[in-house]
Amino acid sequence: MPAKQILYSGRVQGVGFRYSTKQIASGFEVTGSVRNLPDGRVELKAMSHDIDELEAFLAAIDESNLGSLIKDREVMSIPALVGVRGFNVER
């Protein structure tokens, strides 16, 4: 199953980024999580049975109001997420 880790930087903490991402995820068949990192970035891990669905989800984040807050993103392919159900906001 295709899975990606994306590290977002910019004005991505304290602006509702994680909760907006969770809301966007509800419109796609993706599972994963999003969390703030101590260095000011946000880490997103997501997977889907369909790579096109995963890519559409990531594009929807960039095209949403969050896009203007993102300065940079680092995208990496990762192994499938094991034991993950739904899409969660981690603290």
Side-chain angles (χ1 to χ4, degrees):
M1 217 177 326
K4 302 255 184 194
Q5 175 188 37
I6 300 89
L7 301 174
Y8 292 101
S9 60
R11 193 166 160 245
V12 294
Q13 289 192 13
V15 293
F17 191 96
R18 293 175 299 156
Y19 295 96
S20 294
T21 300
K22 180 175 174 55
Q23 185 176 18
I24 293 167
S26 69
F28 294 88
E29 291 186 27
V30 295
T31 56
S33 63
V34 62
R35 69 183 180 124
N36 287 339
L37 296 176
D39 64 4
R41 296 180 298 169
V42 169
E43 176 190 55
L44 169 79
K45 291 183 180 178
M47 71 177 181
S48 176
H49 289 287
D50 180 359
I51 187 68
D52 292 334
E53 185 78 0
L54 181 56
E55 294 296 339
F57 166 56
L58 298 177
I61 292 170
D62 291 344
E63 294 165 4
S64 74
N65 61 342
L66 299 176
S68 65
L69 305 173
I70 299 167
K71 177 182 170 191
D72 194 24
R73 65 193 56 69
E74 186 179 340
V75 181
M76 296 154 280
S77 292
I78 59 172
L81 306 172
V82 178
V84 177
R85 290 186 157 183
F87 193 90
N88 304 298
V89 173
E90 295 181 7
R91 297 192 182 265

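Counting begins at 1 with the first residue of the sequence. Note that the structure is a prediction, hence the values are computed from the model and not measured.
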Side chains of Glu90 and Ser33: any donor to acceptor distance under 3.5 Å? yes
Measuring only between side-chain heavy atoms, which start at C-beta, is Leu44 closer than 4.5 Å to Gln5? no
Between Lys4 and Glu55, does at least one N-O distance fall below 4.0 Å, as a salt bridge requires? yes
Could you tell me whether the side chain of Ile6 reaches within less than 4.5 Å of the side chain of Glu74, counting heavy atoms only? no
Rounded to the nearest 0.5 Å, how far does OG of Ser64 lie from CD of Gln23? 9.5 Å
With side chain to side chain contact (heavy atoms under 4.5 Å, CB included) as the criterion, how do Leu66 and Ile24 come out once you've worked through the C-alpha distance, each side chain's angles and the decisive distance to 0.1 Å? CA-CA 10 Å; Leu66 299 176; Ile24 293 167; 4.2 Å; yes
Group every Ile, Leu, Val, Met, Phe, Trp and Tyr by side-chain heavy-atom contacts under 4.5 Å, then state whether Val34 and Val84 land in the same group. no
One should read off an interatomic distance between Asp72 CG and Ser9 OG, to the nearest 0.5 angstrom, of 4.5 Å
Pairwise side-chain contact, Ile61 with Tyr8, heavy-atom cut-off 4.5 Å (strictly under): yes
Please determine whether side chain to side chain contact (heavy atoms under 4.5 Å, CB included) holds for the pair Val30 and Met47, giving the CA-CA distance in whole Å, both sets of side-chain angles, and the decisive distance to 0.1 Å. CA-CA 6 Å; Val30 295; Met47 71 177 181; over 6 Å; no
Please tell me if the side chains of Phe17 and Asn36 come closer than 4.5 Å, counting only heavy atoms from C-beta onward. no
Find out if a path of hydrophobic residues (ILVMFWY) with successive side-chain heavy-atom gaps under 4.5 Å connects Ile51 to Leu81. no
What I'd like to find out is whether the side chain of Ile78 reaches to under 4.5 Å of the side chain of Lys45, using heavy atoms alone. yes
salt_bridge(Arg73, Asp62) N-O dist < 4.0 Å: yes
Using 30° and 60° as the class boundaries, would you call the ring planes of Phe87 and Phe57 parallel, tilted or perpendicular? perpendicular
Within this structure, what is the CD-CG distance for the pair Glu43 and Leu7, rounded to the nearest 0.5 Å? 6.0 Å
